Protein chains: 2
Amino acid sequence: MARNVDKSSVPAVTVPRLALYLRKLRELKAQGTARISSQHLAELIDLNPAQIRKDFSYFGEFGTRGVGYEVQRLEEEIAKCLGLWRSWSVIILGAGKLGRALVQYRGFAEYQFNVVGVFDNSEHVIGANYGAGRVRSVAELEEFCAQQPVDIAMITVPAAVAEETIDKAVAAGVRAVLNFAPVKVHVPADVVIRQVDLSSELMFLSFYLDRERE
Amino acid sequence: MARNVDKSSVPAVTVPRLALYLRKLRELKAQGTARISSQHLAELIDLNPAQIRKDFSYFGEFGTRGVGYEVQRLEEEIAKCLGLWRSWSVIILGAGKLGRALVQYRGFAEYQFNVVGVFDNSEHVIGANYGAGRVRSVAELEEFCAQQPVDIAMITVPAAVAEETIDKAVAAGVRAVLNFAPVKVHVPADVVIRQVDLSSELMFLSFYLDRERE
DNA sequence: GCGTGTGAACACCTTCACAGCT
DNA sequence: AGCTGTGAAGGTGTTCACACGC
């Protein structure tokens, strides 16, 4: 059983790996695989088996010595570790092309992340429906969050207004932010923020593409 | 002047930070700031000043002791380090909502990443124009790449066909891949691949949101 | 005097190697 | 005998602290 864990003692790099394990375990379950060893799982996702066992060990003892892990059980435990024992409600701030693409992204619902609202400042899109109800004005944000709990805000507004938009979300009670705008924003310590920076990803590639020039 | 660098000796974590520096330096340049110290830059992007100086030191000596860095010069040097002394051509494989959103993303062109083609397998979108010419069939990929050099492929196809799509891109000569499909794909050693996993980012947030449950 | 550039100290993460349980 | 769980070793990245040059 998953023991109680002080999450600050879990290396931050472990968390995305847990997501990786979870996805692969669901795949294995769908294929009807009942048991798996860290060795075998490691081969499937190209990692060191000790890494996998260590990652699990932050949360409890999920396996059986001499045997391995039961896929079903392990999948459930890891989902729990990631906070997926419940669903989370998500809003999208910015109904531009990216925001609209994310509203309908199927990968979110698979893990019980539900997009419950979309907000924008532009008259051109307010009122339109791209998949999670009509687009609301950002001015309605506070009231909306008061009426129903919102856990996560995805920020897809232009960089110039990202900071103020995030501030509004935090003021409205949102405690987690996924920021697609290419600006680093300061938030209170009890708010989790994560940056997704697409041009920076391309620069990562151009850095290594350009290596032979030296 | 930037010295010749063996890029494999540069920590991988340094690279996204270079992108961060570059963006901030452009901002400073636009504001008319001529000079900056590592101390001041560190405050602006919330990092340790020694970290910044160490990152630069992998590539050369860009500053003046007792003085600091000339913004213009530093910006140019870092752009060069990231391979941005030239432009790079990008194709998008998968003209679904995400792919279509990326075609028109302004952040790419800012750094001379040019989307030169969009490909899909579905009759519903082939022929439509979302911003980088008409959508072509994936079957035309090989021929397209033979006619003009393609540096980077962004993969926005469904997970189930991501692997074969990436294989096709690599076979056609693409040497860098930004994969938005939630599957880890094996590529030859001389191909750079980078994963952007949106549901995994949300799980990162739910992990920390759920911390107080313990 | 001041801020860079960098070896050395430190902290963090990964991997090894084996004790312990089945 | 086999595979997990984990202390200890090893490696990588960060921060300190100071020598060096303006």
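When reading the values below, keep in mind they use all heavy atoms of this one structure, side chains included, and skip hydrogens, waters and symmetry mates. Model, not experiment: these values are computed from the prediction.
- Contacts of Phe56(A) with the nucleic acid, taken as non-hydrogen atoms under 4.0 Å apart, are absent.
- Across dT15(D), dA17(C), dG3(C), the shortest atom-to-atom separation from the side chain of Ala50(A) is found for dA17(C).
- Judged by closest nucleotide on DNA chain C, Ser57(B) is the one of Ser57(B) and Ala12(A) placed further toward the 5' end.
- Qualifying side chain to side chain contact (heavy atoms under 4.5 Å, CB included) partners for Ala159(A), counting only residues two or more places apart in sequence or in other chains: Pro182(A), Val183(A).
- Heavy-atom nearest nucleotides on DNA chain D were determined for Pro11(B) and for Gly66(B), and the one closer to the 5' end corresponds to Pro11(B).
- When the P atom of dC21(C) is taken as reference, atom CD of Glu61(A) falls 10 Å away, rounded to whole Å.
- In this structure, Lys7(A) forms a cation-pi arrangement with Phe207(B), its terminal cationic atom sitting closer than 6.0 Å to the ring centre and no more than 45° off the ring axis.
- Spacing between atom CZ of Arg73(A) and atom P of dT4(D) amounts to 13 Å, rounded to whole angstrom units.
- At the phosphate of dT15(D), OP1 or OP2 sits under 4.0 Å from a side-chain N or O atom of Gln51(B).
- Within the 4.0 angstrom heavy-atom criterion, only backbone atoms of the sugar-phosphate kind lie near Ser38(A); the bases stay farther away.
- Nearer the 5' end of DNA chain C, as judged by each residue's closest nucleotide, is the contact made by Gly63(B), out of Lys54(A) and Gly63(B).
- The distance between atom CG of Asn48(A) and atom P of dC3(D), rounded to the nearest whole Å, is 16 Å.
- Here dC13(C) presents its P atom at 11 Å from CG of Asp55(A), a figure rounded to the nearest Å.
- One interatomic measurement links the two molecules: CD of Gln39(A) to P of dT4(D), which rounds to 9 Å at whole-angstrom precision.
- Taking only side-chain nitrogens and oxygens, Arg53(B) never comes nearer than 4.0 Å to OP1 or OP2 of dC20(D).
- Using a 4.5 Å heavy-atom threshold, the side chains of Pro11(B) and Tyr58(B) count as touching.
- Just one residue in the list Lys54(B), Arg53(B), Gln51(B) forms a side chain to side chain donor-acceptor pair (under 3.5 Å) with Ser38(B), and that residue is Arg53(B).
- Considering only side-chain atoms of Tyr58(B), the nucleotide from dC16(C), dC16(D), dT14(D) that sits closest is dT14(D).
- Atoms CZ (Phe59(A)) and C1' (dT4(D)) sit 17 Å apart, rounded to a whole Å.
- A straight line from OH of Tyr69(A) to P of dG2(D) spans 18 Å, rounded to a whole angstrom.
- By the 4.0 Å N-to-carboxylate-O rule, Lys80(A) lies too far from Glu76(A) to be salt-bridged with it.
- Closest to the side chain of Arg65(A), from the set dG5(D), dT14(C), dT14(D), is dG5(D).
- Residue Arg17(A) is in sugar-phosphate contact alone, with no base atom involved, counting any heavy-atom pair closer than 4.0 Å across all strands shown.
- Taking atom CD1 on Ile45(B) and atom P on dT14(D), their separation rounds to 13 Å, with Å as the unit.
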